[in-house]
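In what follows, a single structure is set out as C-alpha cells and then discussed.
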Amino acid sequence: MKVLVINCGSSSLKYQIFDMDTQDVLCKGLVERIGIDGSVLTHKVPGKDDYVIETPMKDHQVAVELVIKAITDPVHGVIKSTDEIDAIGHRVVHGGQKFAKSVLITEEVKEALVRCTDLAPLHNPANIIGIKACEAAMPGKPNCGTFDTAFGMGMEPKAYMYGIPEEYYEQYEVRRYGFHGASHDFVSHRAIEIAGLDPEKAKVIVCHLGNGASISASIGGKCVDSSMGLTPLEGLIMGTRSGDVDPGVMQYLCHKLDLDIDGILGVLNKKSGVLGLSGGVSSDFRDVQNAADNGNKKAEIALEAYRYRVAKYIGAYAAAMNGVDCICFTAGLGENDKLTRKEICDQYLGYLGVKIDDKRNDVRGKETLISADDSKVKVYLLPTNEELKIALDTVKIIEEMNK
Ligand code: ADP
C-alpha cells in the first residue's frame, strides 16, 4: 500500500510517499511560499539529486497539482500515476474535542474542522485547503486526518481544566488540548516497545524539544498530561514562544507598551522564548549555544532557563503519574543536542535515580538508550516520525474500511 502524507501550513506544504509494505519513504518534498512571490517546490528522492520547480503557485490547489507532477515525473518521480496512491493522510492541527483518534475525512468531518477554526486560526484553514486540494486533484481517493490534539484527548478533567469558571469550558471548549500529538503518541508507544515495558502500565515522559517544544506524560500509551494548552503557547520555553507566563504580565505590558492583546500575543509567540531571552541572538539553539560559549551571559541564561523549565515539567509529570519508568528525548534539539539531554538529567533528575551514560549519550538522531545500566529510569533518544504515524493511522483506517 502506498500512502501520500500531506502537511499543509499557511504558505507551505510538506509531503512524503510511504511504501507501507516496507515503511520506506519513496520521496519527500517541500513547497514553500505558496501564494507569495518566489514559490518553489523541492522534491527529494533517496539517492538522487533534488528536483526543484520554481514557478508561481497562487494557492494550495496549484501546489498539490505540482506535487503530483513531481511524484509522477518520468525522471524524478517515484510512481507512474496517482492510481498507485492508495490513500492520503493529512496532518490536522486542531480537532477540538471531537477527534480522539485519526479518522476518514467525510463532509461531516470537514464541517467539524471548520467549526474548530476559531481554536487554531493560523493552522486549520490551511489544513482544510490541503484536504480540498487533494480531493479535487485525486478524486475518489480516501483522505484521512491525524490530529495534533488527539493524543491530549486522553487527559482527565483534572489535567485539562483550567482554574477558571467552568462555563467557559461548557460554552467555548476552553481547556488544555496538548499538541504535537502524533509525535508524543509515536514516541511513547515506541518507548514501551523498545524498553520492553508493560503496555498497560508503563509510565513514560516524552520531551519533544524542537523549535516548538512540549512534554507529555502517559500511562500505557494514554496521555495523562501534556504541556501545551488551548494553544501551543503554554508550557516550555521554546524557540520564539514564551511558554508559561503569569497572565498578569500581559495586562502590565499592554499598558506599558500601549499594545492590544493581539500585539502582546505576537510578542509571546514570535519574539520570546530563547530568541527573546538571549536578547535577540537567535531562535536556533545552535546559535544560542555558540553565543553562550563565547561569553554571552543572556544566551547562557536563556539556555539555563530552557533546561530548568524542561526539568520542572519532568518533575511535575513524575508526580502526576506517581513515578516514571522511561524518559524520552525527541525532535530537533532532543535528538541532536547531547549537552541539553545531559544537563537536564545530571543537574535536576538525580533524585529520580536518573543516570546518563556519557558514552551512550554521545549520539545524534538514532534510537539509543542513553542511561546507565544502574539508572532507575530508562532514558532514550528516540527520533520522532510524525509522518510515519500519520501513514500508519491511514493504513489502519483503510484496512478497517475494506473489512
Ligand atoms: P520544528 O519541527 O518545531 O520546526 P525541529 O524539531 O526541526 O523543529 O527542531 C529544530 C530545532 O532543533 C532548531 O531550531 C535547532 O535549535 C535544534 N537543533 C537542530 N540540530 C541541532 C543541534 N545539532 N544542536 C542543537 N540544536 C539543534
Side-chain angles (χ1 to χ4, degrees), residues 5-16 28-32 42 44 91-93 120 122-123 126-127 146 148 178-187 190 206-216 226-228 231-243 269-278 280-294 296 299-300 302-307 309-310 328-345 361-368 370 381-390:
V5 172
I6 297 276
N7 180 355
C8 266
S10 53
S11 66
S12 70
L13 186 164
K14 290 187 210 152
Y15 64 92
Q16 291 193 18
K28 59 165 96 171
L30 168 65
V31 189
E32 294 166 284
T42 310
K44 293 173 188 282
R91 175 189 181 206
V92 181
V93 169
L122 293 179
H123 293 99
N127 300 152
T146 295
D148 270 25
F179 291 81
H180 291 137
S183 176
H184 287 290
D185 198 330
F186 181 84
V187 176
R190 183 69 192 135
V206 174
C207 308
H208 176 111
L209 310 180
N211 227 331
S214 62
I215 300 203
S216 69
S226 194
S227 61
M228 285 175 165
T231 75
L233 186 52
E234 190 178 337
L236 300 179
I237 292 172
M238 311 185 206
T240 64
R241 293 185 208 137
S242 61
N269 269 305
K270 299 198 176 120
K271 295 188 178 164
S272 299
V274 290
L275 171 71
L277 269 172
S278 65
V281 169
S282 174
S283 61
D284 192 305
F285 289 81
R286 289 162 286 198
D287 301 333
V288 182
Q289 185 66 59
N290 262 339
D293 290 345
N294 288 314
N296 183 326
E300 195 182 317
L303 293 174
E304 280 175 358
Y306 179 85
R307 292 169 189 154
R309 180 80 58 91
V310 174
C328 311
F329 289 94
T330 196
L333 186 68
E335 291 172 29
N336 289 299
D337 188 11
K338 63 179 178 189
L339 185 63
T340 294
R341 296 191 298 260
K342 182 177 164 56
E343 291 284 311
I344 291 169
C345 293
N361 187 39
D362 190 8
V363 62
R364 290 176 58 178
K366 213 170 76 190
E367 272 191 3
T368 313
I370 59 169
L381 184 174
L382 286 185
T384 190
N385 196 336
E386 289 158 296
E387 292 78 13
L388 177 59
K389 164 74 184 153
I390 295 170

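The first residue in the sequence is number 1, and the count goes up from there. Order of appearance sets the numbers: ligands from 1, and atoms from 1 within every ligand.
In this structure, Thr384 OG1 and Leu209 CG are separated by 11.5 Å, a value rounded to the nearest 0.5 Å. For the atom pair CZ (Phe186) and NZ (Lys389), the distance works out to 9.0 Å, reported to the nearest 0.5 Å. The CG atom of Leu275 sits 10.5 Å away from atom CG of Asp287, with the distance rounded to the nearest 0.5 Å.
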What do the steps show when you test Glu367 against Arg190 for salt bridge (charged side-chain N to carboxylate O under 4.0 Å, His left out), and what is the final call? CA-CA 10 Å; Glu367 272 191 3; Arg190 183 69 192 135; 2.6 Å; yes
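Not a single N or O atom of Asp337, backbone or side chain, sits closer than 3.5 Å to an N or O atom of ligand 1. In terms of N/O distances under 3.5 Å, ligand 1 is approached by Gly332. Between Phe285 and ligand 1, at least one pair of N/O atoms sits closer than 3.5 Å. For a threshold of 3.5 Å applied to N or O pairs, the pair formed by Gly212 and ligand 1 contains at least one separation below that value.
Within ligand 1, counting atoms from 1 as listed, the ones closer than 4.0 Å to a heavy atom of Gly210 are 5 (P), 6 (O), 8 (O), 9 (O). Of all atoms in ligand 1, listed by their number and element, those nearer than 4.0 Å to a heavy atom of Arg364 are 23 (N). Listed by number with element, the atoms of ligand 1 under 4.0 angstrom from any heavy atom of Asn336 are 19 (C), 20 (N), 21 (C), 22 (C), 23 (N).
Atom 19 (C) of ligand 1 has its nearest heavy-atom neighbour, among Glu335, Lys338, Glu386, Arg286, in Arg286.
Neither the backbone nor the side chain of Gln289 comes within contact range of ligand 1; no heavy atom lies under 4.0 Å.
Two residues are said to be in side-chain contact when any heavy atoms from C-beta on lie closer than 4.5 Å; Asn336 and Phe285 fail this criterion. Using a 4.5 Å cut-off on side-chain heavy atoms (C-beta onward), Leu381 and Glu335 make contact.
Within the 4.0 angstrom cut-off, atom 23 (N) of ligand 1 has one or more protein heavy-atom neighbours.
Every heavy atom of His208 sits 4.0 Å or more from the atoms of ligand 1.
Of the possible donor and acceptor atoms, none in the side chain of Asn296 sits under 3.5 Å from a partner among the backbone N and O of Ser278. With hydrogens and angles ignored, the 3.5 Å screen pairs a side-chain donor or acceptor of Arg341 with a backbone N or O of Gly334.
Using a 30° and 60° split on the angle between ring planes, His208 and His180 fall in the parallel class, below 30°.
Summary of contacts: the protein heavy atom closest to atom 26 (N) of ligand 1 is Leu333 CD1, 3.4 Å. Protein heavy atom in closest approach to atom 15 (C) of ligand 1: Asp284 OD1, 3.4 Å. Atom 11 (C) of ligand 1 has as its closest protein heavy atom Asn211 N, 4.0 Å.
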